[in-house]
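This report refers to the structure that appears directly beneath it.
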Amino acid sequence: MKRFYRGLLLFLLLSCSIQTVSAASVSVTLNGTPLSFDSAPYIEKGRVLVPMRGVLEALGYSVYWQEHTRSVLAMKENIRISLPLDSTTVQVNQKAVQIDVPATLKNDRTYVPLRFLAEYSGADVKWDNTSSTVLLQYETKKKIEKEDSIVYIQTNKIQGSGIVLSENGLICTNYHIIENASTAQFLFHNGQVYQGETTVVGLDRQNDIALLKIDLSGLTPARTSLQYDIGEKVTAIGSPNGQRNISTTGRITGFDRDVIAATAEISNGSSGGGLFNSDGALIGMTSFYSKEQYFSIPLSKILKVPQLISIPLQEMKHDTYNPAAPQQLRCSKDGIYANVSWSPVYGADYYHVYTAPDKNGPYTLMENSKGEEKWYWGFPQCFSITYEPKPFYLKVSAVVGGVETPLSQPIEIRR
């Protein structure tokens, strides 16, 4: 971008002379190659406007005309630009940006301002006054495929997957992949194998998240996004049953702060793999499945794990997991029913639910419809309960390996 601004300064300094050039004589080159347009570029207010499709596609954008809003939609990797006709306000990734000259319709062609588009493409811009030519210099980047960021992980205990988060060796995976492990081998999409020192730099055991650091640089990290929606097409990539970089596709069926539920199938070995949105950006880490529902941990939860520890992987063989009380109890209304949910606890065999008429108790165990005291985590709710005339309170505990955790904070159930 620094080179672009140097070129842009020259462009602005010469704008007064550009205005005197006839429209038909203006030409545009990209990396030294002339761009061909079916309608000639022209100049308005010192800015070169060009037919939208020719230059946008040359700069790597996919171009769409939206008749209902009379606007041009240009999409490229994680850039989304909407240029309404005859407006100096455009939307870049849903943020308003002001431009000097609007997109306009001329000679049955939609013209867009070249300067603005070049800026958001990282191109250098220069003006050759002798030939009346706009010189675009654009260094194309190798397209990053989703698979490039996914890693096959084999520990001395289990096989799983991982996701490259940084070029300098930061990898995320599930905690259960490294739980009580002492060695690990990493196999990357390009065939590179790493068996060197591995350090655990972040852990959230209860949410089944681990951050690893390996002594390897030049890796290909995943593009990331926190944007997704129900019904959106997604791709899950991992190493199910030891098969490397297997992709399955599906759609998001629901999500909350704890999980993303999708129909993209995963199985044993997929744990720690990536869930990618329709733009190819990482949105979550595939983790577990239940009753033909497939779940991923949202990227937002992974990014919240602090990198404040430095534990050699070989020491994880002595690691002890002490689950805490379930977190994030919440309730939503559904007619006469209260839908209750909480964050899943890694390793939980089942849960106990306690009720009390008062916040301070006493709390008593609640039975399920089968007359048992075992409750199970589910999505989108763990269970539903009928509202009572008076408010009452719930607490939840998890049972892991036959040991019950402390009780959660209480949640009030009120109409």
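Here, residue 1 is the first one in the sequence, and each next residue gets the next number.
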Output all residues satisfying side chain to side chain donor-acceptor pair (under 3.5 Å) with Gln195, sequence neighbours left out; order by chain, then residue number.
Gln185

Answer yes or no: are there more than 12 heavy-atom neighbours, outside Gln227 itself, under 6.0 Å from its atom CD?
no

Residue pairs, two or more places apart or on separate chains, that pass salt bridge (charged side-chain N to carboxylate O under 4.0 Å, His left out) and touch residues 249-274
Asp256-Arg330, Asp258-Lys301, Asp258-Arg330

Asp215 CG: over 12 foreign heavy atoms closer than 6.0 Å:
no

For the pair Tyr228 and Phe255, name the ring-plane relationship: parallel under 30°, tilted 30 to 60°, perpendicular over 60°.
perpendicular

Please examine the side chains of Asn368 and Tyr376, heavy atoms only from C-beta on, and report whether any two atoms are closer than 4.5 Å.
no

More than 12 heavy atoms of other groups within 6.0 Å of Glu197 CD:
no

Answer yes or no: is there a side-chain heavy-atom contact under 4.5 Å between Leu211 and Leu165?
yes

Taking the side chain as every heavy atom from C-beta outward, state whether Lys146 and Thr235 have any atom pair closer than 4.5 Å.
yes

Check against side chain to side chain contact (heavy atoms under 4.5 Å, CB included), Leu299 and Met285
CA-CA 7 Å; Leu299 178 64; Met285 179 169 65; over 6 Å; no

Is any side-chain heavy atom of Gln206 less than 4.5 Å from a side-chain heavy atom of Tyr175?
no

Any Ile43 side-chain heavy atom under 4.5 Å of Leu49 side chain
no

Quick one: does Ile413's side chain get under 4.5 Å of Leu394's, heavy atoms only?
yes

Carefully, step by step, assess Ser408 and Gln327 under the rule side-chain hydrogen bond (donor to acceptor under 3.5 Å, both in side chains).
CA-CA 7 Å; Ser408 69; Gln327 304 293 316; over 6 Å; no

Using modelled atom types and a 3.5 Å cut-off, is there a donor and acceptor pairing between side-chain atoms of Glu232 and backbone atoms of Asp229?
yes

Compute both the distance and the angle, then confirm whether Lys395 meets the cation-pi test with Tyr354: under 6.0 Å from the six-membered ring centre, within 45 degrees of the axis.
no

Is the backbone N or O of Ala236 less than 3.5 Å from a side-chain atom of Thr286, with the two atoms forming a donor-acceptor pair by type?
no

For the ring pair Tyr111 and Tyr42, is the centre-to-centre distance below 6.0 Å?
yes

Evaluate Tyr346 against Arg205 for side chain to side chain contact (heavy atoms under 4.5 Å, CB included), listing each step before the verdict.
CA-CA 7 Å; Tyr346 164 62; Arg205 298 173 178 85; 5.6 Å; no

Does the side chain to side chain contact (heavy atoms under 4.5 Å, CB included) test come out yes or no for Ile178 and Val200, once each step is laid out?
CA-CA 9 Å; Ile178 64 164; Val200 182; 3.9 Å; yes

Is any side-chain heavy atom of Leu85 closer than 4.5 Å to one of Thr110?
yes

Count the heavy atoms of every other residue, nucleotide or ligand shown that sit under 6.0 Å from CD of Gln314, and state whether that count exceeds 12.
yes

Is the shortest side-chain heavy-atom distance between Phe383 and Trp375 below 4.5 Å?
yes

Please state whether the rings of Trp377 and Phe295 are parallel, tilted or perpendicular, taking 30° and 60° as the class boundaries.
perpendicular

Taking atom OH of Tyr337 as the centre, does the number of heavy atoms from other residues, nucleotides or ligands within less than 6.0 Å exceed 12?
no

Less than 6.0 angstrom from the centroid, inside 45 degrees of the normal: does Lys374 satisfy that with respect to the ring of Tyr350?
yes

Are Phe188 and Tyr152 an aromatic pair by the rule of ring centers under 6.0 Å?
no

